[in-house]
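Notes for the one structure printed next.
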Amino acid sequence: MAKSKSSKPSAAPQAAPPPPPSWPAFMPPLPVVELYPELHPATPNIVLLSSFFPRSLCRDYVAFLKTLPLQTTPSRPKKGEAVRVNDRFQIDDPAFALRLWETTGLKEVILENETIKDLWGGQPVGLNPNIRIYRYSKGQYFDCHYDDSNNLILDSVPVKTTWTLLLYLTSSAEGCIGGETVFYLHDRKSAAEEIAVSLETGMLLLHKHGDDCLLHEGREVQEGEKWVLRTDLCVRRG
């Protein structure tokens, strides 16, 4: 009697991605002040937007973010990666990325401000839906590294990321001491050449990444907690 052919085991169904968080509303409505981008005097690769979030909204977000399932980064990084010691949460949330882009005043500043509108490496079309939350507690830090550019599809449009966006939700005003973002202009860590950006609650820091990324680090937090929301600017590819 011929043996019956054994059927291949069916592939296990892939787990559905977790639903996005119920992010707090932007209250009061944004922007609360006219946004004035500041080019860093030492380099056009760093742009600062003060009061992007008001302090009250930052407090609301920190209280909410504390309820998310943050994960501590591995103590031993993968080969070629910088040492990073923090707690993080990551989610793909196109709707929230669109809110940050269209309802905060950011889109208008990026596209229309004469000082910065030609910096972006292409036509800006939105923000990376990959939203990352970082919490640095006392003793945590991110060693020197570069941020890569990534290709993705945004609303059926091929795009690439060109600038990192870091929204600081805490600073010394909330008891966070240390944690400065420090850039180095010549691809080497040198105290004489460093550009240290201090935390400012509600400030958005944009810095160019990919091939033109500056070597940078997040200094160790000495006291309190540093909370950061991270995404990236996307420009049209091709």
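Residues in residues 196-217 take part in these salt bridge (charged side-chain N to carboxylate O under 4.0 Å, His left out) pairs, two or more places apart or across chains: K189-E217, K208-D212. Among residue pairs with one or both ends in residues 93-109, those qualifying as salt bridge (charged side-chain N to carboxylate O under 4.0 Å, His left out) are E102-K107; sequence neighbours excluded. The list of salt bridge (charged side-chain N to carboxylate O under 4.0 Å, His left out) pairs with a residue in residues 39-63, not counting sequence neighbours, reads R55-E174.
Going from atom NE2 of H40 over to atom CZ of F183 covers 8.5 Å, rounded to the nearest 0.5 Å. The line from CZ of F142 to CD of E220 is 15.0 Å long, rounded to the nearest 0.5 Å. If you take CG on L166 and CG on L229, they are separated by 9.0 Å, rounding to the nearest 0.5 Å. L169 contributes atom CG, which lies 6.5 Å from atom CG of L65 (distance to the nearest 0.5 angstrom). Atom CD of Q140 is separated from atom CD of Q222 by 12.5 Å, given to the nearest 0.5 angstrom. Taken from OG1 in T73 to OH in Y136, the straight-line distance is 8.0 Å, to the nearest 0.5 Å.
Counting heavy atoms from C-beta on, the side chains of P21 and F64 come closer than 4.5 Å. Counting only heavy atoms from C-beta outward, the side chains of P28 and S56 approach each other to under 4.5 Å. Using a 4.5 Å heavy-atom threshold, the side chains of V83 and V85 count as touching. V235 has its side chain within reach of K160: a pair of non-hydrogen atoms, C-beta onward, lies under 4.5 Å apart.
Note: the hydrophobic cluster containing L49 also contains F26 (ILVMFWY, side chain heavy atoms under 4.5 Å, direct or indirect links). The hydrophobic cluster containing L57 does not contain L199, counting ILVMFWY residues as joined when their side-chain heavy atoms lie under 4.5 angstrom apart, directly or transitively. A continuous path of Ile, Leu, Val, Met, Phe, Trp and Tyr side chains, each step under 4.5 Å between heavy atoms, connects F52 with V62, placing both in one hydrophobic cluster. Residues F96 and L68 are members of one and the same hydrophobic cluster, defined by side-chain heavy-atom contacts under 4.5 angstrom among Ile, Leu, Val, Met, Phe, Trp and Tyr. In terms of hydrophobic clustering, with Ile, Leu, Val, Met, Phe, Trp and Tyr side chains grouped at heavy-atom distances under 4.5 Å, L165 and L39 are assigned to a common cluster.
Partner of T164 under the side-chain hydrogen bond (donor to acceptor under 3.5 Å, both in side chains) criterion, chosen from T181, T231, D148, D147: D147. Shown are T161, V159, T162; of these, the side chain to side chain contact (heavy atoms under 4.5 Å, CB included) with N150 is made only by T161.
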Take M203 and L48 through the test side-chain contact (heavy atoms from CB on, under 4.5 Å) and record every step on the way to the result. CA-CA 7 Å; M203 182 175 73; L48 304 175; 4.2 Å; yes
Check the pair V221, E223 against side-chain contact (heavy atoms from CB on, under 4.5 Å), reporting the backbone distance first and the verdict last. CA-CA 6 Å; V221 171; E223 296 290 343; 5.8 Å; no
Using the side-chain contact (heavy atoms from CB on, under 4.5 Å) rule, take T201 and W227 through it: C-alpha gap first, then chi angles, then the decisive distance, then the call. CA-CA 9 Å; T201 306; W227 284 89; over 6 Å; no
Audit row: I46, L214, side-chain contact (heavy atoms from CB on, under 4.5 Å) steps and yes/no: CA-CA 9 Å; I46 301 172; L214 296 173; 4.3 Å; yes
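The hydrophobic cluster containing Y184 also includes Y146, V182, L215, under a criterion of side-chain heavy atoms closer than 4.5 Å among ILVMFWY residues, counted directly or through chains of members.
In plain terms, the two heavy atoms of Y61 and A25 that are nearest each other are CE1-O, 4.4 Å. Across L30 and F53, no two heavy atoms sit closer than the pair CD1-CE1, 3.6 Å. For I195 against A42, the heavy-atom pair with the smallest separation is CD1-CB, 3.7 Å. Nearest heavy atom pair, residue G218 against residue Y141, reads O-CB, 3.4 Å. When all heavy atoms are compared, the tightest approach of P19 to I91 is O-CD1, 4.2 Å. Here the closest heavy-atom approach between residue D87 and residue S137 is recorded as OD2-OG, 4.3 Å.
By the neighbour-count criterion of 12 heavy atoms within 6.0 Å, atom CD of E193 is densely surrounded, having more than that number from other residues, nucleotides or ligands. Annotation for D155: atom CG does not count as buried by contact number, only 12 or fewer foreign heavy atoms lying within 6.0 Å.
For K226 (side chain) and G179 (main-chain N/O), a donor-acceptor pair under 3.5 Å exists by modelled atom type. When atom types are taken as modelled, the side chain of H207 and the backbone of L205 share no donor-acceptor pair closer than 3.5 angstrom. Not one N or O on the side chain of R135 forms a donor-acceptor pair closer than 3.5 Å with the backbone of V228.
Between E225 and K138, none of the side-chain N atoms (NZ, or NE/NH1/NH2) sits under 4.0 Å from a carboxylate O, so this pair counts as no salt bridge.
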Return all side-chain donor-acceptor pairs below 3.5 angstrom for residues 117-125, not counting sequence neighbours, or 'none' if the list is empty.
from	atom 1	to	atom 2	distance (Å)
K117	NZ	E114	OE1	3.4
K117	NZ	E114	OE2	3.2
W120	NE1	I110	O	3.0
W120	NE1	I116	O	3.2
Q123	OE1	R236	NE	3.3

Let me have the donor-acceptor pairs involving side chains of residues 127-134, under 3.5 Å, with sequence neighbours excluded, atom names and distances please.
from	atom 1	to	atom 2	distance (Å)
N128	OD1	N130	N	3.0
N128	ND2	D232	OD2	2.9
N130	OD1	R132	NE	3.4
R132	NE	N130	O	3.1
R132	NH2	N130	O	2.8
R132	NH2	D232	OD2	2.6

